[in-house]
Amino acid sequence: DTPGSSGGVAPLNKTPMQIRDALGTLARSFTPLRHANFRTYLGGQALSLIGTWMQSTAAALVVYTLSGNSPQALGVAGMLSSLPILLLSPWTGALSDRFDRRKLLIVTQAVAMVLAFALAILTQSGTAQLWQVLAFTFILGISNAVDLPTQQAFLGDLAGMSEVRKAVNLNAMILNISRFLGPAVGGFVVAQLGAPAAFWIN
């Protein structure tokens, strides 16, 4: 008992130590950033993902408009973007182990770039049709089915397998930040400049 207390044990003040431990844990979470290649990749990934979500927002608005404001068409578009990931992931994950991951990512990003250009040209010319946008959405879903597992494995190549969990956490943080920034930017761009601009910017 502390002097003058009526009983019981006075709590020990561990707050400074707890703060120090928390700051140390936080600092160690960012150690993959010591690798220059990982920093470069993560910075590019942040911009790329914002563009991806911006395009997704613009594409959804285009689908909604071309379908005569049909919520069913939006549902189909969402299904077509996710279905390839569900069906193909068991095989595409093996691709990232058998082939050069860097080259695979270049291919998937090139496919995404071509699709963005195609959507920009079609929407700007006013010749876009619903089936075309849905087909491009499905093709992009196939590309993403290859891209996503390859990205996860590539993080270990850049940061080292000893820090792969921290690298994946940092990548997930960037993904979630872009998930709410991208649609906001996309909505602003579409409102001010139109849907084609969102595809060109991406």
Side-chain angles (χ1 to χ4, degrees), residues 22 24-60 77-120 133-186 198-199 201-202:
T25 300
L26 182 63
R28 287 191 295 273
S29 299
F30 290 88
T31 53
L33 294 175
R34 293 178 300 182
H35 304 281
N37 286 338
F38 181 77
R39 289 197 304 272
T40 301
Y41 176 78
L42 199 66
Q45 182 76 334
L47 289 176
S48 176
L49 287 170
I50 290 174
T52 297
W53 287 107
M54 178 177 65
Q55 175 169 309
S56 296
T57 302
M79 180 194 70
L80 290 175
S81 67
S82 301
L83 193 61
I85 298 173
L86 173 66
L87 298 179
L88 300 178
S89 290
W91 292 274
T92 57
L95 288 178
S96 66
D97 293 329
R98 296 185 59 185
F99 298 99
D100 186 303
R101 295 179 185 120
R102 179 176 156 281
K103 291 179 180 178
L104 274 177
L105 289 174
I106 290 173
V107 170
T108 58
Q109 294 302 306
V111 170
M113 179 183 67
V114 169
L115 292 173
F117 281 142
L119 283 169
V133 181
L134 294 178
F136 290 166
T137 298
F138 184 68
I139 296 170
L140 185 59
I142 295 174
S143 177
N144 287 337
V146 177
D147 189 81
L148 293 175
T150 306
Q151 280 187 27
Q152 297 295 312
F154 192 59
L155 294 173
D157 296 342
L158 294 175
M161 292 308 296
S162 62
E163 295 193 305
V164 67
R165 291 184 181 180
K166 297 175 185 177
V168 169
N169 287 339
L170 289 173
N171 190 62
M173 180 181 72
I174 292 298
L175 175 62
N176 287 315
I177 291 173
S178 66
R179 193 188 297 269
F180 74 83
L181 281 180
V185 173
F199 300 132
I201 292 170
N202 183 41

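Hydrogens, waters and symmetry mates are skipped; everything else that's a heavy atom, side chains included, is used.
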field: Stepwise side-chain contact (heavy atoms from CB on, under 4.5 Å) check, Leu95 with Thr150
entry: CA-CA 8 Å; Leu95 288 178; Thr150 306; 5.8 Å; no

If you compare all heavy atoms of [X] against all heavy atoms of [Y], which two are closest, and at what distance to 0.1 Å?
{"X": "Arg34", "Y": "Glu163", "answer": "NH2-OE2, 3.1 Å"}
{"X": "Leu105", "Y": "Thr108", "answer": "O-OG1, 3.0 Å"}
{"X": "Phe136", "Y": "Ala118", "answer": "CE1-CB, 3.8 Å"}
{"X": "Leu175", "Y": "Leu49", "answer": "CA-CD1, 3.9 Å"}
{"X": "Ala145", "Y": "Ile85", "answer": "CB-CA, 3.9 Å"}
{"X": "Ala116", "Y": "Phe199", "answer": "O-CB, 3.5 Å"}

Under 3.5 Å donor-acceptor, [X] side chain and [Y] backbone:
{"X": "Ser178", "Y": "Ile174", "result": "yes"}
{"X": "Asn171", "Y": "Ala167", "result": "no"}
{"X": "Thr57", "Y": "Trp53", "result": "yes"}

Any chance you could measure [X], atom [atom1], to [Y], atom [atom2], to the nearest 0.5 Å?
{"X": "Leu47", "Y": "Ile201", "atom1": "CG", "atom2": "CD1", "answer": "12.5 Å"}
{"X": "Ile106", "Y": "Met113", "atom1": "CD1", "atom2": "CE", "answer": "11.0 Å"}
{"X": "Ser143", "Y": "Leu104", "atom1": "OG", "atom2": "CG", "answer": "10.0 Å"}
{"X": "Thr52", "Y": "Leu140", "atom1": "OG1", "atom2": "CG", "answer": "7.5 Å"}
{"X": "Ser81", "Y": "Asn144", "atom1": "OG", "atom2": "CG", "answer": "8.0 Å"}

Does a sphere of radius 6.0 Å around [atom1] in [X] hold more than 12 heavy atoms from other residues, nucleotides or ligands, not counting ones at 6.0 Å or beyond?
{"X": "Arg39", "atom1": "CZ", "value": "yes"}
{"X": "Asn37", "atom1": "CG", "value": "no"}
{"X": "Arg179", "atom1": "CZ", "value": "yes"}

statement: For Asp97, the salt bridge (charged side-chain N to carboxylate O under 4.0 Å, His left out) test, sequence neighbours excluded, returns Arg101

message: Tyr41 vs Gln151, test: side-chain contact (heavy atoms from CB on, under 4.5 Å). Steps then yes/no.
response: CA-CA 10 Å; Tyr41 176 78; Gln151 280 187 27; 3.2 Å; yes

task: Under the side-chain contact (heavy atoms from CB on, under 4.5 Å) rule, what do Asp157 and Phe154 come out as? Steps first, then yes or no, please.
output: CA-CA 5 Å; Asp157 296 342; Phe154 192 59; 3.7 Å; yes

